[in-house]
Amino acid sequence: MSDKTVLTGIKPTGTPHLGNYVGALKPLIEMAKTNKTFVFIADLHALNIIHDPKQIKQHTYEIAAILVALGLDLNNATLFRQSDIVQVSQLSTMLMNVTPKGLMNRAHSYKAALEKNEAAGADADAGVNMGLYTYPILMAADILLYGTDIVPVGADQKQHVEFARDIAGYFNHIYGETFKLPEPMIGADTGIIPGLDGRKMSKSYDNVIPLFAPESELKKKIMRIITDSKLPEEPKNPDESTIFQLYKHFANADEIADLRARFERGGLGYGDAKKILFEKINSVLSAPRMEYERLMDNTSELDKILADGAACARAVAEKTYKRVHSAMLG
Ligand code: ADP
Ligand code: TRP
């Protein structure tokens, strides 16, 4: 057990897919085995994109059920919903006052929105709400509220963690040592998981395989993976094949070497390779999928887990927030 506190947030903006599983969920569950970990569902962060409460609620349950079904160790990990802890909104308001506006102007996500508008000849800030603009301040509040040392995130979120560190520094400089400075941890390179069309698997490309799709849908999706037109007898390059790239993350070393050899030798058609891939993924995911389905049919069990998590998180949040309040307002 390490003495570091790990924290990460997952936005409930879509149904998690195999790319999220390999790149984010699986490594997080591993980390939670040996570290005190806070994992929360960032529903306040979803608000700048989704304005339908039903969708946010549905994705929140899905993420909670997925983490529990995959075996997140709830003895080390506190699993909760961001909005259940009011102190995060309060801290965000406080942090606004030590955060330079210029820092927000530099955020990649905000800059991307500006560039898109410029390319479209639209007003620079068209479609940008203040939730998007101040997103990094709320994220800093998430991170600083729980005394976080390490924040495992995808590369796209590194800048946000660096901002949290900067904001903690500004605060400490004015009000004295109050916050620990967090560090981003960019996961070991699991590589980019390709989707059905060979591009990065992403909900924005509509090319995903949902992590816990029912067996029949999983099979259908896998059979729809786009391949080139090589005949079964021809040798194939496994490193250029979406089928093999997915297989690598579910099979053991011997199985991977075996499938690699069969690709390179020729004689294995893509249809058969897809069947092998389906059998493998299905065998790894079928037990957790059953547990996932059970939990999604018993959301009161998820409510209880999230309420217990919130009670635990709140105890920490209250202490931190009291210190901030007294540092700033006496
Ligand atoms: P999406 O691209 O579907 O919107 P997100 O940006 O919400 O996915 O991803 C959340 C996290 O899941 C990312 O920070 C990253 O770590 C991981 N992830 C997403 N897609 C992939 C992928 N195709 N390959 C590997 N990891 C991925
Ligand atoms: N911004 C993160 C994302 O888009 C989600 C998130 C919100 C987060 N708060 C966080 C991640 C705090 C790490 C720490 O994926």
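Both counts, for ligands and for their atoms, begin at 1 and track the order of listing.
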Undergrad: Restricting to non-hydrogen atoms, name the atom on Arg294 and the atom on Glu301 that form the minimum distance, rounded to 0.1 Å.
TA: NH2-OE2, 2.9 Å
Undergrad: Can you see which heavy atom on Val6 is nearest to which on Thr148, and at what distance?
TA: C-CG2, 4.5 Å
Undergrad: Using distance alone, with no hydrogens and no angle criterion, decide if Tyr270 and Asp228 have a side-chain donor and acceptor under 3.5 Å apart.
TA: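 A donor-acceptor contact under 3.5 Å links the two side chains.
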Undergrad: At less than 4.0 angstrom from any non-hydrogen atom of Ile192, what atoms of ligand 1 do you find?
TA: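 Result: 24 (N).
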Undergrad: Does ligand 1 come near enough to Val153 that some N or O of the ligand is less than 3.5 Å from an N or O of the residue?
TA: no
Undergrad: Can you sort out which atoms of ligand 1 are near Asp156, meaning under 4.0 Å from one of its heavy atoms?
TA: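 Contacts of ligand 1 toward Asp156, numbered from 1: 14 (O).
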Undergrad: Check each atom of ligand 1 against the heavy atoms of Gly154 and keep those under 4.0 Å away; list them by number with element.
TA: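 Within the 4.0 Å cut-off of Gly154, ligand 1 contributes 14 (O), 16 (O).
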Undergrad: Nearest 0.5 Å, what's the CD1-CD1 distance between Ile167 and Ile137?
TA: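 If I round to the nearest 0.5 Å, the distance is 5.5 Å.
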Undergrad: Evaluate the side chain to side chain contact (heavy atoms under 4.5 Å, CB included) criterion for residues Phe80 and Arg314: first the C-alpha distance (whole Å), next the side-chain angles of each, then the deciding distance (0.1 Å), finally the verdict.
TA: CA-CA 10 Å; Phe80 63 104; Arg314 193 173 294 117; over 6 Å; no
Undergrad: Using salt bridge (Lys or Arg N to Asp or Glu O under 4.0 Å) as the criterion, list what pairs up with Asp308, not counting sequence neighbours.
TA: Lys304
Undergrad: Just by distance, no angles: are the side chains of Thr37 and Asn76 close enough, under 3.5 Å, to form a donor-acceptor pair?
TA: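 On atom types as modelled, these side chains do not qualify, holding no pair under 3.5 Å.
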Undergrad: As a check for students: among Gly19, Ser202, Gly23, identify the option with a heavy atom nearest to atom 2 (O) of ligand 1.
TA: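 Looking at heavy atoms only, Ser202 sits closest to atom 2 (O) of ligand 1.
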Undergrad: Could an N or O of ligand 1 be found under 3.5 Å from any N or O of Met201, whether backbone or side chain?
TA: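 Yes, since at least one N or O of Met201 sits under 3.5 Å from an N or O of ligand 1.
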Undergrad: Going by distance alone, is a donor N or O of one side chain under 3.5 Å from an acceptor N or O of the other, for Asp197 and Asn207?
TA: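 Per modelled atom types, Asp197 and Asn207 side chains form a pair under 3.5 Å.
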Undergrad: Within less than 4.0 angstrom of ligand 1, does Val22 place any heavy atom?
TA: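 No, Val22 has no heavy atom closer than 4.0 Å to ligand 1.
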Undergrad: For ligand 1, does His17 get within less than 4.0 Å through its side chain, its backbone, both, or neither, judged by non-hydrogen atoms?
TA: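 Looking at His17 and ligand 1, just side chain atoms fall under 4.0 Å.
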Undergrad: Using a 4.0 Å cut-off on heavy atoms, what residues surround ligand 2? Order them by chain and number.
TA: Leu7, Thr8, Gly9, Lys11, Phe40, Ala42, His45, Tyr135, Met139, Asp142, Ile143, Val151, Val153, Gln157
Undergrad: Determine the minimum heavy-atom distance between His45 and Lys11, stating which atoms define it.
TA: O-CD, 3.7 Å
Undergrad: For ligand 1, is there an N or O atom under 3.5 Å from any N or O atom of Asn20?
TA: yes
Undergrad: In terms of relative ring orientation, are His160 and Tyr135 parallel, tilted or perpendicular, with 30° and 60° separating the classes?
TA: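 His160 and Tyr135: tilted rings.
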